[in-house]
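Here the structure comes first, spelled out in structure tokens, and everything after it is commentary.
Throughout, a chain's letter reflects where its sequence line sits, starting with A, and its residues are numbered from 1. Note that the structure is predicted; figures quoted are calculated from it, not measured.
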Amino acid sequence: MTPSTAPITRCIRAYFGPVDRTAGLPTLFDPAQLGRFPLDAPPAPWVSLGSISKFVRISGTKVQPLLGGAPAMAVAQVRTEVDASVSFEFDAWGKLQAALASGSQQTNLLATAAGAAPNGSGGAAAAPVTVVPEGTTASALNVGATAAAQFAPGTLIAVDLDYTGQTGYVGSGISAAYVSSAASVGSDLNFIRRVTLNVAVVASVAGGVLQLASPLPAGVPSAGMQISPLVGFCDREGARFFQEWSALFVLEGAQGDRVLFHYPRLQPMQASAEHGEALISSTPSVSSAPLERMRLAAAFRALPVRDPADSETVLCFRSYLPAPLRTV
Amino acid sequence: MQNAKDTFYLMLQQRLAAINPQRIIVVREQRRSGTLVVENEAPSAQVPLDCFRLQWTSLALDRTSALPLVALTCEISYATDGTRAMAGMDRGRLFSAMDSELDSALSRPPLSTPKLDCTASDSGVAPVAMATNIFWSEPAFGAITATSERLSRTASVQVFAFQEAGEA
């Protein structure tokens, strides 16, 4: 046996999974069964968001003494408040990274209809394209030869249901927004596609089928889903929606040890923010300024779940998987 | 710590040979892959070109851990004159290729490898995997030096290893 040592790592990997907001069910990670999963192939439905920097976990839990006697002495301790938060910066930008770091609802900038009035989060969208169920999978969408002509490799698309008056959480696969009334969203037929996280990139177009670069997060499109091309993503300071995600952070040690931080329920606790970072310089005496790399900064507060093992209500789980043949 | 040095050399040699199997040098009339450790070779006034030369420089020890942590600096030097067929005018491209090969070899995961016990390898015994891994930092590339038509550079890497019980 070899004495165990403190984990040493170069980066921390972040994985996020959806929370079923309607049912209140997070994505739970079982470190006993899956703790050694390959970092580049996380188990479904976890999605890898790449490496993160400046990972900081903060416990706001307060422990107070119970005093007794004269003079008063601590005879026991109680937890008067339990709180935990986590913050970090994403090393890459993408739809999910930007959504998680937005602090609220993120909007897809749908391609607009001709003559649409200007709007900060995108004007009225162009008519959507119907998905033909035959030949459609999570990574290939049959739209027919005629409709396929308006797509090209690289086109961003949102795939989801039409808005027909639904209220509550909307968005296939992942709850993307909360609709209080049809009037609040102007009964916009494209509203769900405007907010959905079920987006993809068209990799190729052939025979009326859009081949996607990666499968849709919500899986095979269900009946009634349509496609809207989009040009990018938008979030708004002051928006009221709180996203909620399950998160898993993995610290892979150089000795084969692994530390996993699992937060079943995380909600953003700061609005969208970026952090400018000076680029490396090949010559120390020559500054790369004013060039900066913008990193997405995110901070989350942990919400509780009940551990059925002993009925404890907890905020996060830290698991340590020792390196092989180490003392414990 | 000799095992850590030998392990790092073997790892780097294998990775560089996989990236560019055509990088071959002739040392004492032997054809070898283009990576060598200077302290393991016969002294020579000639600088071998188009290969990677490893030199171990500084050493630091941290004894606060359950196992002492060793930090070694490995300086990796390489140079090229270009090819005679191109009258040396391809030296920039050949040099960029060496930059890329070295960066790929050191930055490609995994960024650690089991430490090998190489003490008996002189007797023909294959190295044996030990209990800990060595790991290393990202390479820091020094400035390019141009001497006549020759281009050269030295990159530095920090190599870390835990000193196991009974290890020299």
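Residues B:Thr132 and B:Glu164 have side chains that bring a donor and an acceptor to within less than 3.5 angstrom of each other. Side chain to side chain, A:Thr61 and A:Asp83 fail the donor-acceptor criterion of an N or O pair below 3.5 Å.
Using non-hydrogen atoms only and a strict 4.5 Å limit, no part of residues 28-57 of chain B faces chain A. Proximity to chain A among residues 81-117 of chain B is limited to B:Leu111, B:Ser112, judged by heavy-atom separations below 4.5 angstrom.
Annotation for A:Leu325: atom CG does not count as buried by contact number, only 12 or fewer foreign heavy atoms lying within 6.0 Å.
Every residue meeting the ring pair (Phe, Tyr, Trp, His ring centres under 6.0 Å) condition with B:Phe160, not counting sequence neighbours, appears here in chain and number order: B:Phe135.
A perpendicular orientation is assigned to the rings of A:Trp46 and A:His262, their planes being inclined by more than 60° (bins at 30° and 60°).
For the pair B:Arg153 (side chain) and B:Gly142 (backbone), a donor-acceptor distance under 3.5 Å is present.
Less than 6.0 angstrom separates the ring centroid of A:Phe90 from the ring centroid of A:Phe88. For A:Phe249 and A:Phe55, the gap between ring centers is short of 6.0 Å.
If you measure heavy-atom distances from B:Ala143 to chain A, you find no contacts under 4.5 Å at all. Heavy atoms closer than 4.5 Å to chain B are found in the backbone of A:Ser4, but not in its side chain. With a 4.5 angstrom heavy-atom cutoff, A:Ala323 does not touch chain B via any of its atoms.
Separation of atoms CG (B:Leu10) and SG (B:Cys118) is listed at 5.5 Å; rounding is to 0.5 Å.
A cation-pi contact links A:Arg258 to A:Phe37, judged by a cut-off of 6.0 Å to the six-membered ring centre and 45° from its axis.
For the options A:Ala6, A:Gly256, A:Ala254, heavy-atom pairs under 4.5 Å to chain B are most numerous at A:Ala254.
Among residues at least two apart or in separate chains, salt bridge (Lys or Arg N to Asp or Glu O under 4.0 Å) pairs with a member in residues 38-56 of chain A are A:Arg13-A:Asp40, A:Lys54-A:Glu89.
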